[in-house]
Amino acid sequence: MKTFESLYAELSAKAASGAEDSLTVDELKKGTHFIGKKILEEAGETWTAAEYEGAARTAEEMSQLIYHLQVMMIQKGISLEDLYKNL
């Protein structure tokens with residue numbers, strides 16, 4: 001099972017590799033605006049799932065939101081420590 005920390009490590013490694021077949025690398029290349037739109041999309045889908053679709057679907061949408069948040073963290077050079085300072 002992945003954790004928040006292990007996902008961040010995995011995504012950071014993918015970003016560093018620059019692999020052309022990586023969806024993470026592709027998203028990073030598209031930049032902050034694209035990533036931000038994905039975050040907004042997933043946040044809305046999380047809310048909708050919470051209102052109408054139950055816990056399992058909500059958890060799925062939340063995991064996608066976390067993925068895109070972490071991609072933005074990598075894009076902007078924000079470490080887990082930077083994030084944790086603000087929790």
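Of all the heavy atoms in Thr58 and Gly54, the pair that sits closest is OG1-O, 2.7 Å. The two atoms that bring Gln75 and Gly31 nearest to each other are NE2-CA, 4.0 Å, heavy atoms only. Of all heavy-atom pairs between Leu28 and Ala15, the closest is CD1-CB, 3.4 Å.
With sequence neighbours excluded, the residues that form a side chain to side chain contact (heavy atoms under 4.5 Å, CB included) with Ala43 are Leu65. Among residues two or more places apart in sequence or in another chain, the salt bridge (Lys or Arg N to Asp or Glu O under 4.0 Å) test is passed with Glu10 by Lys2, Lys14. The side chain to side chain donor-acceptor pair (under 3.5 Å) check on Ser79 picks up Glu81, Asp82, with sequence neighbours excluded.
Counting heavy atoms from C-beta outward, Glu27 and Tyr67 have side chains that approach closer than 4.5 Å. The shortest side-chain heavy-atom distance between Thr32 and Met72 falls under the 4.5 Å cut-off.
In this structure, Gln70 contributes its side chain and Phe4 its backbone to a donor-acceptor pair below 3.5 Å. Under the 3.5 Å distance criterion, the side-chain polar atoms of Thr24 are left unmatched by any main-chain donor or acceptor of Leu11. Within the 3.5 Å criterion, the main-chain N or O of Thr3 finds a donor-acceptor partner in the side chain of Ser6.
Leu69 and Trp47 fall into different hydrophobic clusters, where Ile, Leu, Val, Met, Phe, Trp and Tyr are joined by side-chain heavy atoms under 4.5 Å apart, directly or via other members. In the hydrophobic clustering of this structure, Leu83 groups with Ile66; members are Ile, Leu, Val, Met, Phe, Trp, Tyr whose side-chain heavy atoms approach within less than 4.5 Å, directly or through other members. Tyr8 and Met62 are not part of a single hydrophobic cluster, where members link through side-chain heavy atoms under 4.5 Å apart. Leu7 is connected to Ile78 through a chain of hydrophobic side-chain contacts under 4.5 Å among Ile, Leu, Val, Met, Phe, Trp and Tyr, so both are in one cluster. Placement of Met73 and Leu87 within a single hydrophobic cluster is found when ILVMFWY residues are connected by side-chain heavy-atom separations under 4.5 Å, directly or transitively.
Residue-environment remark: CG (Leu23) stays at or below the threshold of 12 foreign heavy atoms within 6.0 Å. The local environment of CD in Glu20 is sparse, with at most 12 non-hydrogen atoms from other residues, nucleotides or ligands closer than 6.0 Å. Few gaps surround OH on Tyr84; more than 12 heavy atoms of other groups in view lie less than 6.0 Å from it.
Here the OG1-CD distance, from Thr48 to Glu61, works out to 8.5 Å after rounding to the nearest 0.5 Å.
Looking only at atom types and distance, the side chain of Glu41 has no donor-acceptor partner in the side chain of His68 under 3.5 Å away.
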